Amino acid sequence: MVLYTLCKLASISRPSLPLGFGRHLSWIRHQLEPTDEERDAAHLASATDLHELEFRIRELDRPGRQRRGPFHHL
């Protein structure tokens, strides 16, 4: 919980944090956050049946689907 709070602080622009400290927290958050591929795999693995899995695969294969990227705010 403490690490999550520190990561949230790093994602918010706060003038009270020293610049080096904020960069360090951003780096930690970037290293711990799952990649898009890991998120997609977890999303597919949580399907309860074949129909839901097929729906989720089609959802992930949609053209123009936005990717969150490495610095998506939680």
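The figures that follow rest on heavy atoms only: side chains count, while hydrogens, waters and symmetry mates do not. Since the structure is predicted, the reported quantities are computational estimates derived from the model, not experimental observations.
Across all non-hydrogen atoms, the minimal contact from L44 to L53 is O-CD1, 3.6 Å.
Note on residues 53-63: pairs passing salt bridge (Lys or Arg N to Asp or Glu O under 4.0 Å), not counting sequence neighbours, are E52-R56.
Atom CD1 of I57 sits about 8.5 Å away from atom CG of L50, to the nearest 0.5 Å.
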